[in-house]
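Below is one structure, written out as structure tokens; the observations come after it.
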Amino acid sequence: MSHPDPRNYQPAGDLLGGRVILVTGAGSGIGAAAARSFAAHGATVILLGRTTRKLEAVHDEIVAAGHPPPALAVIDLARAQGPAYFDLVAQIQSSYGRLDGLLHNAAILGERSPIEHYDVGTWHQVLHVNLTAAFVLSRELLPLLRAADDASVIFTSSSVGRRGRAYWGAYAVSKFGVEGLAQVLADETRDITRIRVNCINPGGTRTAMRRSAFPAEVPDARPEPASIMAPYLYLMGPDSRGFTGQSIDCQ
Ligand code: NAP
């Protein structure tokens, strides 16, 4: 089956009608834009993040726009232990009985520093939030993804997760790990499930993370998160059935 270039994808208005999609880091930046965009295309989104007021603001915007009311999951992925994950799974199971989409988007930058001086505690924290939490969440949610007709899992990579660059430390290494995790999970689910698993590299995008990584950059030098959504919609919707194990660029 041939697939279009996801960057030029033109989604139907009701592309995600009836789908239940969980977005991590949904309170700001690219995650908030993805949640709004998925909801605008008909999905019920579960907004996962660590800051209640940010999640509530995205929730209220989605409701005010007349889209399906989202659910909130306030979870700090740096600290969450088993019970937080078990509660989340139980709530999705009882409310929806399945999960059609999972966007792993939450991440932290850590510090920009040479390996020789990189703080070990920061290293653990970045690896935990960016990689280990995505593994645990995927592991716990797989039974609900399997219960959907054609579930889509998207991991969020970065160009420094494909080619290492000086001073990107644990962030770069975590994104190499994310690419690897996505490949392993795609291979394990290929052919024997209806789950597809892919990676997206958003490219430089105008968010708080970009500002802290490049403080001297002119803010409008990079696109707004809302303008890079075509590949996210393509991978979340039914037109990407059979597209798995790929890592694609938004820009
Ligand atoms: P952002 O504006 O900093 O947003 C990151 C989100 O992750 C925030 O909503 C944040 O919540 C959440 N988060 C962080 N730590 C968390 C934790 N412990 N538990 C739960 N949620 C947590 O960054 P962004 O630019 O939108 O980045 C989104 C994704 O794109 C990331 O995976 C990033 O690595 C990737 N990416 C971004 C760029 C870019 O240029 N922007 C380029 C390549 C890749 P709070 O707001 O509550 O802290």
Side-chain angles (χ1 to χ4, degrees), residues 22-37 45-59 61 70 72-81 84-85 88 102-112 121-122 124-138 153-165 168-179 181-182 198-215 217-229 231-232 235 247-251:
L22 188 150
V23 178
T24 73
S28 56
I30 295 168
R36 286 189 209 102
S37 181
V45 285
I46 303 166
L47 308 170
L48 188 152
R50 62 180 167 180
T51 312
T52 306
R53 81 182 149 72
K54 292 185 184 177
L55 298 178
E56 285 175 345
V58 176
H59 170 280
E61 277 177 58
L72 300 197
V74 182
I75 297 178
D76 180 346
L77 296 170
R79 295 177 214 284
Q81 301 286 324
Y85 290 99
L88 176 70
L102 171 57
L103 171 59
H104 293 292
N105 164 83
I108 51 174
L109 188 61
E111 60 187 80
R112 300 285 310 281
T122 305
H124 281 300
Q125 204 184 8
V126 172
L127 267 291
H128 187 84
V129 172
N130 297 7
L131 177 58
T132 307
F135 148 66
V136 176
L137 205 49
S138 302
V153 181
I154 304 175
F155 289 89
T156 307
S157 182
S158 165
S159 48
V160 295
R162 295 180 184 154
R163 175 145 194 96
R165 254 189 275 151
W168 283 84
Y171 179 83
V173 173
S174 74
K175 296 298 187 180
F176 272 88
V178 162
E179 293 267 357
L181 173 58
N198 296 285
C199 259
I200 284 185
N201 168 23
T205 308
R206 207 182 311 169
T207 68
M209 182 182 286
R210 178 77 193 182
R211 278 193 298 281
S212 69
F214 296 93
E217 186 175 75
V218 180
D220 60 6
R222 293 290 164 179
E224 296 275 12
S227 68
I228 60 159
M229 286 297 127
Y232 289 84
L235 290 182
S247 188
I248 62 175
D249 293 311
C250 286
Q251 300 179 50

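This chain uses plain numbering: 1 for the first residue, then up along the sequence. Computed from a predicted structure; not experimentally measured. Ligands are counted one by one from 1 in listed order, and the atoms in each one are counted from 1 as well.
Summary of contacts: the protein heavy atom closest to atom 46 (O) of ligand 1 is K54 NZ, 2.7 Å. In this structure, atom 5 (C) of ligand 1 lies nearest to the protein heavy atom A107 O, 3.8 Å. In terms of protein heavy-atom proximity, atom 47 (O) of ligand 1 is closest to T51 OG1, 2.4 Å. Closest to atom 11 (O) of ligand 1 among all protein heavy atoms lies R50 NE, 3.9 Å. Protein heavy atom closest to atom 31 (C) of ligand 1, with residue, atom name and distance, is N105 O, 3.1 Å. Given atom 23 (O) of ligand 1, the protein heavy atom at minimum distance is M209 CB, 3.4 Å. Atom 19 (N) of ligand 1 has as its closest protein heavy atom L77 N, 2.8 Å. In this structure, the protein non-hydrogen atom closest to atom 30 (O) of ligand 1 is T156 CG2, 3.3 Å.
Residue-level proximity to ligand 1 for S28 is carried by backbone and side chain together, each with a heavy atom below 4.0 angstrom. Contact annotation for P225 and ligand 1: no heavy atom of the residue comes within less than 4.0 Å of the ligand. Contact annotation for I30 and ligand 1: heavy atoms of both the backbone and the side chain come within less than 4.0 Å of the ligand. When non-hydrogen atoms are compared, ligand 1 lies under 4.0 Å from the backbone of I75 (N, CA, C, O) but not from its side chain. Contacts between K175 and ligand 1, counted as non-hydrogen atom pairs separated by less than 4.0 Å, involve the side chain only.
The main-chain N or O of A106 is found under 3.5 Å from a side-chain atom of T24 such that the two form a donor-acceptor pair. Under a 3.5 Å cut-off, the side chain of R50 and the backbone N or O of L77 do not form any donor-acceptor pair. The main-chain N or O of G203 is found under 3.5 Å from a side-chain atom of N201 such that the two form a donor-acceptor pair.
Not close to ligand 1: R79, with no non-hydrogen atom less than 4.0 angstrom away. Residue G203 places a heavy atom under 4.0 Å from ligand 1.
Under a cut-off of 6.0 angstrom, the local environment of CZ in R112 is crowded, with over 12 non-hydrogen atoms contributed by other residues, nucleotides or ligands.
Contact check for V178 versus H104: no side-chain heavy atoms found under the 4.5 Å cut-off. Residues L103 and T156 have side chains in contact (heavy-atom distance under 4.5 Å, counting atoms from C-beta outward). Residues I108 and M209 form no side-chain contact, since every pair of their non-hydrogen atoms from C-beta on lies 4.5 Å or further apart. The shortest distance between side-chain heavy atoms of V58 and V45 does not fall below 4.5 Å. You'll find the side chain of L102 stays beyond 4.5 Å of the side chain of F155, heavy atoms only. With contacts defined as side-chain heavy-atom distances shorter than 4.5 Å, the pair V74/L55 qualifies.
Residue I108 has at least one heavy-atom neighbour below 4.0 Å for each of these atoms of ligand 1: 14 (C), 15 (N). Within ligand 1, counting atoms from 1 as listed, the ones closer than 4.0 Å to a heavy atom of Y171 are 33 (C), 34 (O), 35 (C), 36 (N), 44 (C). Every atom of ligand 1 with a heavy atom of A78 under 4.0 Å away is listed here by number and element: 18 (N). Below 4.0 Å from some heavy atom of G29 lie the following atoms of ligand 1, by number and element: 2 (O), 26 (O). In summary, the atoms of ligand 1 found under 4.0 Å from a heavy atom of G204, numbered by their order in the structure, are 40 (O).
Below 3.5 Å of separation, one finds an N or O of D76 facing an N or O of ligand 1. Residue T205 has at least one N or O atom closer than 3.5 Å to an N or O atom of ligand 1. Annotation: G25 places an N or O atom under 3.5 Å from an N or O atom of ligand 1; distance criterion only.
Considering all non-hydrogen atoms of both residues, T207 and G29 come closest at CG2-CA, 3.9 Å. Taking both residues in full, the closest heavy atoms of I154 and Y232 are given as CD1-O, 4.0 Å, listed atom of the first, atom of the second, then distance.
Rounding to the nearest 0.5 Å gives a distance of 11.0 Å between CD1 of I228 and CZ of R222. Atom CG of L181 is separated from atom OG of S157 by 11.5 Å, given to the nearest 0.5 angstrom.
Comparing heavy-atom distances from atom 2 (O) of ligand 1 across T207, N201, L55 singles out T207 as nearest.
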